[in-house]
**Student:** 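One structure coming up, written as structure tokens, with questions to follow.
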Amino acid sequence: MHNLKLIRKDFEAFKKALEKRSLDIDLSKIKKLDIENRELIQKKENFEKEKKEISKSKDKSLFSKSKEISSSLEKIVEKQKSIKNDLEKILSNIPNVPHEDVPFGKDENDNLEIEKFGEIPDFDFRPKSHYELGENLGMLDFELASKTTGSRFVFVKNKLALLERAISNFMLDIHVSKNGYEEISPPLLASADSMFGTGQLPKFENDQFEVKLEEGTERKFLIPTAEVILTNIVKDKIIEAKVLPLRFVASTPCFRKEAGSYGKDTKGMIRQHQFYKVEMVSIVEQDKCLEELERMTNCATNILDLLKLPYRKVILCSGDMGFSAEKTYDIEVWLPSENKYREISSCSSCSTFQATRMKARYKDQKKEISYVGTLNGSGLAIGRTLIAILENYQQKDGSITIPKVLRPYMNNLEKISLN
RNA sequence: GGAGAGAUGGCUGAGCGGUUGAAAGCACCGGUCUUGAAAACCGGCAAAGGGGCAACUCUUUCCUGGGUUCGAAUCCCAGUCUCUCCGCCA
């Protein structure tokens, strides 16, 4: 959410910043509502002051006048509320403004590759896709999932289930012991309020799974990413600057409707309604966002280095960034069967955008209160890491060599094969 | 599912119709003392919004939304959330 006070100072600058998002927001409407709102606030406050004075005076002869004021006040308050409401509705649907580092672009084709890392494996046979490999091993079962549940789900079985668990534990261990993140095992449901805080609501309600609880109670949603829960840890808080930065990591299932991606990645487990992901979240002083973004991105790529998987780092263009982000790096891992890089992590700085929505603030050394900066990044998507390992570590006979760093997590198993 | 209790500032916790934005304590900041620190003592310390170049000033806020009243943290109604006990259950 944008701070109206700042927008007010320079409408044109705000408009320009949003144009980078290829959005044409009707700022004149905001401007008009803002002015009306403030006029009504002033009127309201004058009446309130008058009332207050009467009640303080305890002068009975003025009591009837106070009643009169009350009735005119009522109308003003009602109008002011509705205008404020309209204003907030508009503001809550406007995405974050891209940072100046972010290249202008329309969609994913305009993203910029920054650097490539690792060695692309050179197979002397046609590399199979992860689903061929997994199904041949009898350890990925999509048919079974559609029987028990529906499309876009999968059963991971046997040694691949162990591998999946190993990946999760390995990543968590690194982030906790080397990167200074606090491990959290959070709720997998989030309140509507939390979903608003991180920007999933109101605009992206269609992508979310809502869970029916008791009639009349607060709405709850399955988390599309642990970012929602981890970031909302600081919701409605005023934090002492000295405890910042806060860094949290969690490995959780994520749930997404993937509405609007019909026909996209229908085969295999690239795009599922449910997947595991290790998520990092940082809460920082607002001017530390960008340096924390570099740090966080390095935490993510470090995992790929350790797994010896080839990848590239990409900076997203203005048109491809998520709603809450000011700057995003995607990490893409090499998938031999597709002969291209695919997203395995996305690290974003959300500046104070989410903090404003959440009312997450901190008190700095000068005792001034300002909004925190929030960042989130996958470290990494577990399902996609599994895919990448299957494809990059596959052998001619369809077996999978296990990356060395994962073996301690798998009873020192070196290879997954049919026998 | 049954029966109760509660929701107050960064935290703990008083107040239960009229300068109460709210006692007290903790935490925090500044000062005195000290070689330094601690202790002790003194002082300061809520947020949001509006107006003003500024000093400053005004309004709102004691879970949320209604109501009663000239006046509500305090009374009434509705809702949400939390906790305790019993039952059921991983």
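Within every chain, numbering begins at 1; the chains are lettered A, B, ... in the order of the sequence lines, protein sequences first and strands thereafter. Every heavy atom of this structure was used, including side-chain atoms; hydrogens, water molecules and symmetry mates were not.
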**Student:** Can you tell me how far P in B/C62 sits from the matching atom in B/A7, rounded to whole Å?
**Tutor:**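 Per the computed distance, 13 Å lies between those P atoms.
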
**Student:** Scan side-chain atoms only and decide if A/Glu132 and A/Ser129 contain a donor-acceptor pair under the 3.5 Å cut-off.
**Tutor:** yes

**Student:** Write down the distance separating the P atoms in B/A23 and B/A47, rounded off to the nearest Å.
**Tutor:** 15 Å

**Student:** Pick the P atom in B/U34 and in B/C53, then give their distance to the nearest Å.
**Tutor:** 49 Å

**Student:** Answer with yes or no whether A/Glu45 presents, from its side chain, a donor or acceptor under 3.5 Å of a partner atom in the base of B/G49.
**Tutor:** yes

**Student:** Roughly how many Å is it from NZ in A/Lys51 to C1' in B/U59, rounded to a whole number?
**Tutor:**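 The answer, rounded to whole Å, is 13 Å.
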
**Student:** B/C70, B/A47, B/G50: which one has an atom nearest the side-chain heavy atoms of A/Lys67?
**Tutor:**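 Nucleotide nearest to A/Lys67's side chain: B/C70.
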
**Student:** Checking all strands, does A/Lys363 fall into the base, sugar-phosphate, or nothing category for heavy-atom contacts under 4.0 angstrom?
**Tutor:**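 If one applies the 4.0 Å heavy-atom cut-off, A/Lys363 turns out to touch nothing in the nucleic acid.
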
**Student:** Looking only at side-chain atoms of A/Ile54, point me to the closest of B/U59, B/C70, B/G50.
**Tutor:** B/C70

**Student:** In terms of side-chain heavy atoms of A/Ser70, which of B/G71, B/U60, B/G50 is nearest?
**Tutor:**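 Given the options B/G71, B/U60, B/G50, the side chain of A/Ser70 is closest to B/G71.
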
**Student:** Once you apply the 3.5 Å cut-off to both distances, tell me the Watson-Crick or G-U wobble partner of B/A5, or none.
**Tutor:**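 Check on B/A5: paired to B/U82, both distances under 3.5 Å.
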
**Student:** Please write out the pairs of protein N or O atoms and N or O atoms of nucleotides 64-67 of chain B separated by less than 3.5 Å, giving the distance to one decimal.
**Tutor:**
unit_1: B/G66; atom_1: OP1; unit_2: A/Lys81; atom_2: NZ; d: 3.0

**Student:** Can you tell me which nucleotide in B/A47, B/G71, B/G50 comes closest to the side chain of A/Arg38?
**Tutor:** B/G50

**Student:** Please determine if A/Lys203 forms a cation-pi arrangement with A/Phe323, meaning its NZ or CZ atom is less than 6.0 Å from the six-membered ring centre and no more than 45° off the ring axis.
**Tutor:**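 No, A/Lys203 does not sit over the ring of A/Phe323.
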
**Student:** Does A/Asn3 have any side-chain contact (heavy atoms from CB on, under 4.5 Å) partners at least two apart in sequence or in another chain, and if so, which?
**Tutor:** A/Lys5, A/Leu6, A/Tyr371

**Student:** Rounded to the nearest angstrom, tell me the gap between atom CD in A/Glu240 and atom C1' in B/A46.
**Tutor:** 13 Å

**Student:** Given atom NZ of A/Lys5 and atom C1' of B/G49, what is their separation to the nearest angstrom?
**Tutor:** 7 Å

**Student:** What nucleotide among B/G10, B/U59, B/C70 has an atom nearest to a side-chain atom of A/Lys49?
**Tutor:**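 Ranking B/G10, B/U59, B/C70 by closest atom to the A/Lys49 side chain puts B/U59 first.
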
**Student:** Mind checking who B/C53 pairs with, Watson-Crick or G-U wobble, both distances under 3.5 Å?
**Tutor:**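 B/C53 is paired with nothing.
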
**Student:** Work out how far the P atom of B/A46 is from that of B/G21, and round it to whole angstrom.
**Tutor:**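 Comparing P positions in B/A46 and B/G21 gives a spacing of 14 Å.
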
**Student:** Which one, B/G71, B/C58, B/G50, comes nearest to the side chain of A/Arg8?
**Tutor:** B/G50

